[in-house]
Amino acid sequence: MKVSRRQMVAGTAAIAASFVGGVWSMRAQGASTLEFRSRETSYAFGARPTHGLVSLLDGAPPPVIRLRQGQPALINFTNGLEDYSTIHWHGIRLPNAMDGVPYLTQFPIAKGQTFSYNYTPPDGGTYWYHPHCMTMRQMAHGLTGLLIVEEAEDPGFDLDLPLNLKDFRIGEDGQLLDYFTPRGAARGGTLGNTLTTNWQVEPTYDVPAGGLLRLRFVVTGTARTYRLAFPEADGRIIAWDGHPVEEQIAWPSLREPLFVSAGQRVDVAIRVPDEEGAELSFFNAFGGNPPELVRLRTIGSSLGRDLAELKPLPRNPVAEPDLANAELRELVFGWAPDDAVPDNGLCGTLGYTFWSIDRKPWPGDAVENAGPVADLKLGKSYVLRLRNESPNLHPIHLHGLTFKPIRSNQRSLPKNWTDTILLQKNEVVDIAFVADNPGDWAFHCHIIEHQKTGLAGYVRVS
Ligand code: C2O
Ligand code: CU
């Protein structure tokens with residue numbers, strides 16, 4: 001185990017660090033440190049060696065950070081990059097000042113500076129973290145880590161496996177290709193050509209035979225919507241975007257895959273076979289020869305567990321919106337009316353404006369001199385009608401608040417809590433929530449090249 005190498009990047013006084021599935025985990029109780037660094041490295045994505053890739057990483061994803069529900073966390077983030085940065089804790093309902101959005105909640109963090117993020121996560125579940133300044137470049141290089149908030153009571157799995165799904169764009173020479181293309185930014189987004197799970201191509205993980213596993217799939221790429229297909233097995237989807245499912249989601253197959261967009265997460269409970277050497281494959285159901293994302297292989301003698309031994313995950317303390325008295329607001333996602341190049345302060349612009357919310361293109365990271373797309377009263381219930389006026393998919397993410405989809409003009413949507421909703425072509429989705437967290441909350445498409453070319457804004461709760 002390459003302990004010292006990883007510890008240069010992540011370390012803490014009080015961590016119980018562990019190495020599962022090629023990924024470092026750190027338990028952040030008390031004070032923890034997290035540092036982003038830039039270094040030259042040559043490491044392999046599976047069989048394809050990538051020489052001279054300027055990676056902001058060290059051959060593995062950023063560490064999985066584990067927090068405890070309801071317990072204060074302090075994460076001292078040091079920016080070791082040449083560029084400015086900040087960290088956003090995707091899906092966590094936290095105080096606005098800790099949300100990591102440059103100019104809106106804090107100033108960009110310069111090279112060598114440290115910013116202390118401290119908050120108490122109210123909800124258990126699967127979340128993630130990523131920069132919110134120079135977002136395109138830094139996320140394309142792989143600065144996207146998982147954030148797990150452990151439930152107060154141990155749910156009783158034999159193995160908890162975080163699976164960070166991200167596609168990289170790598171050229172023949174092993175270098176990263178351009179992070180985005182103007183063509184992609186103006187349409188569906190620029191996809192990577194190398195699908196990785198925990199920065200490995202088609203990894204196989206050894207898992208205990210006859211055991212109960214919790215798999216946490218998190219899509220942290222900059223554009224791609226995955227179509228997950230699971231093997232036939234004894235299992236169920238237990239959580240969606242961090243929260244225990246309230247409406248069941250069907251077990252996806254190659255024929256009927258589950259769409260999981262950039263920013264979204266799905267937690268799966270699975271009981272693996274009793275015999276040693278059994279293999280279970282998970283796919284991205286795309287094209288004639290769908291790529292395998294991850295394979296599980298059983299080892300050891302059977303643990304003889306049973307799915308029925310699992311209690312349902314405890315519900316998180318999210319307030320139920322009062323639909324009878326909720327106020328309706330409509331927001332339109334579509335093309336930008338002009339091509340003014342936005343001023344992004346120190347956080348980088350892509351040089352184009354293609355998108356808008358309510359016809360106003362937003363800069364994406366900086367929001368100086370711009371008002372909110374919606375001004376909401378603290379404690380009131382709202383329905384936001386999200387209208388996609390484009391033929392492209394948009395995973396729309398709201399910071400700081402958790403909402404529920406209640407209606408679509410195209411399909412029946414399971415009414416599960418979320419922070420990121422995937423809008424299909426020309427789809428109109430109503431979402432409902434209680435505006436119970438005060439502050440200015442970023443609201444944007446999670447296809448980063450859409451976000452950075454106009455499809456962004458913020459909601460004010462006061
Ligand atoms: Cu995961 Cu504003 O982002
Ligand atoms: Cu979009």
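The analysis underlying the following values was restricted to heavy atoms, covering all of them including side chains, and did not include hydrogens, waters or symmetry mates. Atoms within a ligand are numbered from 1 in the order they appear, just like the ligands themselves. All values derive from a computational prediction rather than experimental measurement.
- Side chains of H90 and T420: a donor-acceptor N/O pair is present below 3.5 angstrom, by distance only.
- Protein N/O/S atoms found under 2.8 Å from atom 1 (Cu) of ligand 1: H90 ND1, H130 NE2, H446 NE2.
- Ion pairing between K404 and E320 holds under the 4.0 Å rule for side-chain N and carboxylate O.
- Contact check on R359 versus E389 returns a salt bridge, with a Lys/Arg side-chain nitrogen under 4.0 Å from an Asp/Glu carboxylate oxygen.
- Under a 3.5 Å cut-off, the side chain of D241 and the backbone N or O of R265 do form a donor-acceptor pair.
- Using modelled atom types, one finds a donor on one side chain and an acceptor on the other under 3.5 Å when comparing S116 with N76.
- Residues R169 and D178 are not paired through a salt bridge, judged by the lack of any N-O separation under 4.0 Å between the basic side chain and the carboxylate.
- Residue-environment remark: CD (E246) exceeds the threshold of 12 foreign heavy atoms within 6.0 Å.
- Within a 6.0 Å sphere centred on CZ of F115, heavy atoms belonging to other residues, nucleotides or ligands number more than 12.
- Counting only distance, with no hydrogens or angles, the side chain of Q138 and the backbone of P131 share no donor-acceptor pair below 3.5 Å.
- The Cu ion (ligand 2) has H394 ND1, C445 SG, H450 ND1 as its protein N, O or S neighbours under 2.8 Å.
- The pair R224-D167 meets the salt-bridge criterion, since a charged nitrogen lies less than 4.0 angstrom from a carboxylate oxygen.
- For H444, the N, O or S atom with the smallest separation from atom 2 (Cu) of ligand 1 is NE2.
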